[in-house]
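Report on one structure; see the data block that follows.
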Amino acid sequence: MNKKAAGLLAVMMAVSVFATACNSNNESNNGKTGTNTENSGNQVDDSASIQFPLKEKTTLKVVARRAPLAPSDYNEMTMAKKLEEMSNVHIEWDTIVETDYNEKKNLLIASGDLPEMFFGAGFTDTELMKYGADGTIIPLNDLIDKYMPNLKALFDKRPDIKAEVTAPDGNIYSLPAGEELGTGQEEIGANPDFLYINEDWLKKLGLKMPTTLQEYHDVLLAFKTKDPNGNSKADEIPLSFVNAFWTGDIGYLFGAFGVPDKTYQPANNAYAEHLNVDNGKVSYAAIQDGYKDAVKEIAKWVEEGLVDQESFTQEYTQYYAKGKTEPETLGSFLWWDHTDVVGPERDKHYPIVPPFKDMVVKWNSGSAISRGGSVITKEAKNPALIATWLDLIYKPETTAEVRWGPIGEWFEKSADGKLVQKSDISNPGEFRQTVSLGGGGVFTGEDFKNIAPPEARAQQRLDDIKNLFVPQMQKEKYPNIFFTEEELKTIDKLKPEIQTYTNSMRAKFMLKGVSDSEWSDYLASLKDMGLDDLMKIYQDGYDRYLAAQK
């Protein structure tokens, strides 16, 4: 779940906007492209093949979600300039920082002030079905067949990807996006939360790497009370995290109580957070006894001063700063990669804490490939032109440049012609935000083998997942299911209240603790909100998914 406008992957819930299509747009809305259209004075015959670069420059109006460190004007980025040179299509980018994106996207739709395209749209399944039905966004099936040979080739090779983006009504409203690095439990995002610890402090205090949750607690207590940074100030932060974010969340530690808690929704807000699957049975982690034990234990740590209380409100830019203070003040933290938080100067003395004995490691829900790619709106003057432009991004080498950064900035070519990350990038996580357009293209496992081998830290992460986490990882996960329209209506009705309540009480329980009577009231409230009905939908969807595999 994302933060702080009600959380980045969880704030994607509230959709109460209504937009209707005009009759004059019916032809575009059904994906047909048999008439001549005009865009910014440049007439294009979209009944014929569109050849890039165009003879005359044309302009498209596009809204995109951007990372905090990216320039607000994407046209300052080398990759945007490269795409314009390839196509002679100029993009008027309206970029929205990711923490504000969903709220502002909804306002744009409600006001009718639509762009021609949302790039890397990140629409929820409910939004895709709603706005596809009312004509706000158009079906892409025919456009893909006629104007997107690169994407069509991907679909022919990987029908599973086509199936994932195909709605229950048979239409494709959004394009696929993602990076398929690793497979199954060994996929790079199988566990997004690595626990890191300050090894220099361990050595200074004569402590060993903890192997149980109790040993970890004792280490944190020593970090707080024994002045490991040696400045005679009580400024050490024993443990920090980013509550309910896609990475860095404390729910990883709940696995020490047998119930890992998941707050990451992979570009799909249709299913709730906190889902686990065991032996085909879908369960809600936040009502299990182990979850109760976990939040009570964390509350004790909070009372002892072992937990950074800003963990419950901080953005990750604040988080990054805590790892780079002088002198060092951060003892332990959860994140995707330690270099992002503590920087390349310190990352080597912040190793991973291996999973504790008998801990259950989360296997994250969803898929590496999402339905979160671009959508074309009813305001598109020439959908065929937009589709042709988007197809550039589905050529694998261009996909790599769009998703990571262009050749010369992120990549260089090796002697065998493959793209390799440049060796002078000191902080890849932060640098990638500044050079990557993101939001588009699919880079498959085959592409990683043939075109751009994983960057060094990605390969290290794959090795860590396989060697450290897979032996104790869950055997099942909840997949990226596209629910029926009726199921989505029920999800949209029940889930926002349930999820908001669950997450607010989760934070409250960790900060203040929970009594048996308070826990009973909490369970009763969730039942009254319709949790049983919501879980039945998730179970039915999972059962269909299993049946389809036979």
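Taking 4.0 Å as the cut-off between side-chain N and carboxylate O, R457 and D340 count as a salt-bridged pair. Of the charged side-chain nitrogens involved, none lies within less than 4.0 Å of a carboxylate oxygen, so that E328 and K204 do not count as a salt-bridged pair. Between E326 and R346 there is a salt bridge, since at least one side-chain N of the basic residue sits less than 4.0 Å from a carboxylate O of the acidic one. Using a cutoff of 4.0 Å between basic side-chain nitrogens and carboxylate oxygens, D125 and R371 are scored as salt-bridged. Using a cut-off of 4.0 Å between Lys/Arg side-chain N and Asp/Glu carboxylate O, D73 and R66 are scored as not salt-bridged. A salt bridge does not link D94 to K104: none of the charged side-chain nitrogens sits closer than 4.0 Å to a carboxylate oxygen. Taking the charged nitrogens against the carboxylate oxygens, K322 and D308 do have a contact shorter than 4.0 Å, which makes a salt bridge.
Without hydrogens or angle criteria, S374 side chain to G120 main chain gives a donor-acceptor distance under 3.5 Å. Judged by distance alone, the side chain of R65 and the main-chain N or O of D100 form no donor-acceptor pair under 3.5 Å.
Between F194 and Y252, the ring centre distance reaches or exceeds 6.0 Å. Close placement of the W404 and F448 rings is indicated, their centers lying within 6.0 Å of each other.
Classification of the H217-W301 ring pair by plane angle, with boundaries at 30° and 60°, yields tilted. Taking the six-membered ring where tryptophan is involved, the planes of F333 and Y350 are tilted, since the angle between them lies from 30° to 60°. A tilted orientation is assigned to the rings of Y291 and W519, their planes being inclined by 30° to 60°.
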| query | After noting the C-alpha distance and the side-chain angles of I491 and Y538, does the key distance pass the side-chain contact (heavy atoms from CB on, under 4.5 Å) rule? | reply | CA-CA 9 Å; I491 290 171; Y538 297 139; 4.0 Å; yes
| said: Does K489 form a salt bridge (Lys or Arg N to Asp or Glu O under 4.0 Å) with E486? I'd like the steps, not just the answer. | reply: CA-CA 5 Å; K489 288 179 181 177; E486 286 304 310; 3.5 Å; yes
| message | Evaluate S240 against Q314 for side chain to side chain donor-acceptor pair (under 3.5 Å), listing each step before the verdict. | response | CA-CA 10 Å; S240 193; Q314 65 190 348; 3.1 Å; yes
| request: Would you check, one step at a time, whether the test ring pair (Phe, Tyr, Trp, His ring centres under 6.0 Å) holds for W335 with Y320? | output: CA-CA 10 Å; W335 198 246; Y320 285 1; 5.7 Å; yes
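Inspection of the T126 and T124 side chains reveals no N or O donor paired with an N or O acceptor under 3.5 Å. Using modelled atom types, one finds no donor on one side chain facing an acceptor on the other under 3.5 Å when comparing N503 with Q499.
Residues forming a side-chain contact (heavy atoms from CB on, under 4.5 Å) with K477 (at least two apart in sequence, or on another chain): W363. Listed by chain and residue number, P260, Q474 satisfy the side-chain contact (heavy atoms from CB on, under 4.5 Å) test with V360 (two or more places apart in sequence, or in another chain).
Applying the side chain to side chain donor-acceptor pair (under 3.5 Å) test between D463 and each of R461, K466, Q459 identifies Q459 as the sole match.
Geometrically, K105 engages F123 in a cation-pi contact defined by less than 6.0 Å to the ring centre and at most 45° from the axis.
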